Amino acid sequence: MNTEHCDVAIIGGGPAGCSAAIYTARADLKTVVIDKDMHAGALGMAHIIANYPGMGAEMTGMGLLEKMRSHAESFGASFFKEKVNGIDVRHPEKTVYTTSGRMFKAKALILATGSMGKSGDLPGEKELLGAGVSYCATCDAAFYHGKQVAVAGRTREAVEEAMVLARFASRVLFFCPASTFTAPSEDVDRLAELDNVEVFTGRKVKAINGERFVESVRVSGPDEDIAVDGVFLYLTGSAPVLDYTGGQLDVCENGCLLVDERFRSSVEGVFVAGDILCKEVKQVVVVASEGCRAALEVERYLRGRDKPRQDYH
Ligand SMILES: Cc1cc2nc3c(=O)[nH]c(=O)nc-3n(C[C@H](O)[C@H](O)[C@H](O)COP(=O)(O)OP(=O)(O)OC[C@H]3O[C@@H](n4cnc5c(N)ncnc54)[C@H](O)[C@@H]3O)c2cc1C
C-alpha cells in the first residue's frame, strides 16, 4: 500500500489549507496537502473575489486558489488529489485514509475542509449560481448597485445580509417563507424600516428564472414572477465538513468542533482552521489568517517552543 510520511498533513486545500501550508513548508516542516478537488470548496466555487487584499476587483475564486497553491508549492508543500474518508488520531503518529487506498502518516494534522453550504434544490438555483444566485451578500452585494434583488430566508443571518444589500441595491424584496422569523424581532423591525426594503411573510421563493443570468423569481402567495437581478438564498444554512473524522474529536451541541484560542482540537496534535470552525464571518482573508495561526501552532507543537515563531526576516 502507498504510504506517504510527513511532518504535517493538511486536509483541505482551500485558502485556509494553502495558507497553513505556506507557513509550515517555510518552517521546513515536510508538508502534504490532501484535497479532493479544487472546484469542490467554497473558494473554488466563488465567481469573483473582489475583496482579497492586493488582488484587485476582478480576481476569480479559482484564480486566487491557484495562486495560493503555487505559492505553497514554491516553498516545498506537496499537493495530493485525494478524497479523505477517515483519520486515526489515537496515537502520536496520525493516519489519514483516502478513498484510493493511499495513506498518509503525519506527526500533526490540520483540518481545513471548510463548510458545505447546504445548497437547496430550487429550480434554477444550481444553473444560475454565480450568475445572480448567491449565498453571501457580504461577498456579492457590491455587484448589485442600483438593482432590484430578492432575499429568501427567516434567520438572523438572512436579515443581517439583507441589511448589507440594502446599502447597495435600489430595492430589496425579502421573502420569509413562514409566518414568523427566527431572527430577533428588533432586527426584523430595523430591516423593515429601511426605505428601500419590503418584507413579505408567508411567501416562498419557488423558482429562479433566467437564461444566462437571473431575471426573475417565482414566489408563492399568490404565485407570481417578480423581476430581480439577483437572489440571495438563506434557506438551508451550512454545516462543517467533518464526515471523515469518525467522531474522534469533541464537538459542541451545534455539531461544531471544540477548538481553543490556539486552534487546537480536543486531540493533541490535531489543529483546525477555516470555515470548518462554524464562524459568523466566512471570508477568505479571515480563513487565510487562521491557516497561518494553526500552522504556527503546529510548528510550536512539533518543535516544543514556548511561543510561536514569527515568520519574517
Ligand atoms: C459563492 C461564494 C462566494 C464567495 N465570495 C467570497 C468573497 O467575495 N470574498 C470572500 O472573502 N469570501 C467569499 N466566500 C467565502 C470564502 O470562499 C470562504 O470563506 C473560504 O473559501 C473558506 O475557506 P476554507 O479553506 O475554510 O474552505 P474551502 O474554500 O471550502 O476549502 C475546503 C477544501 O477542502 C476540500 N475537502 C473537503 N472535504 C474533503 C475531503 N473529505 N478530502 C479532501 N479534501 C476535502 C475541498 O476540496 C476544498 O478544496 C464565498 C463563498 C461562496 C460559496
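Note that these values count all heavy atoms, side chains included, but never hydrogens, waters or copies made by symmetry. Keep in mind that this is a model prediction, so the values were computed, not measured. Order of listing sets the numbers, starting from 1, for every ligand and every atom in it.
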Carboxylate-amine/guanidinium contact E160 R156, below 4.0 Å: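 Here E160 pairs with R156 in a salt bridge, since their nearest N and O are under 4.0 Å apart.
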Test: R90 and D88 ion pair at under 4.0 Å: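 So R90 pairs with D88 through a salt bridge.
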Under-4.0 Å heavy-atom contact with ligand 1, by part of I48 that carries it: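 Answer for I48: backbone.
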Contact partition for I34 relative to ligand 1, non-hydrogen atoms under 4.0 Å: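 Backbone only; the side chain of I34 stays clear of ligand 1.
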Say whether [X], considering both its backbone and side-chain N or O atoms, lies within less than 3.5 Å of an N or O atom on ligand 1.
X    : result
Q283 : yes
G17  : no
D275 : yes
I49  : no

Residues Q148 and D229: side-chain donor-acceptor under 3.5 angstrom: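 Distance-only check fails for Q148 and D229.
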T113, I11, V84: member with heavy atom nearest to atom 45 (C) of ligand 1: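 Answer by nearest heavy atom: T113.
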Shortest reach to atom 32 (C) of ligand 1 by a heavy atom, considering only A42, A112, G12: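 Comparing heavy atoms across A42, A112, G12, the nearest one to atom 32 (C) of ligand 1 lies in A112.
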Ring geometry between Y234 and F232 (parallel below 30°, tilted from 30 to 60°, perpendicular above 60°):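 Ring orientation of F232 relative to Y234: parallel.
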Parallel, tilted or perpendicular: ring planes of F174 versus F181, cut at 30 and 60 degrees: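 It falls in the tilted class, 30° to 60°.
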Any P15 heavy atom less than 4.0 Å from ligand 1: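 Distance cut 4.0 Å: P15 passes for ligand 1.
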Whether H39 lies under 4.0 Å from ligand 1, heavy atom: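 Under 4.0 Å: no for H39.
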Y23 six-ring centre to R26 NZ/CZ under 6.0 Å and within 45° of normal: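 Checked: cation-pi criterion not met.
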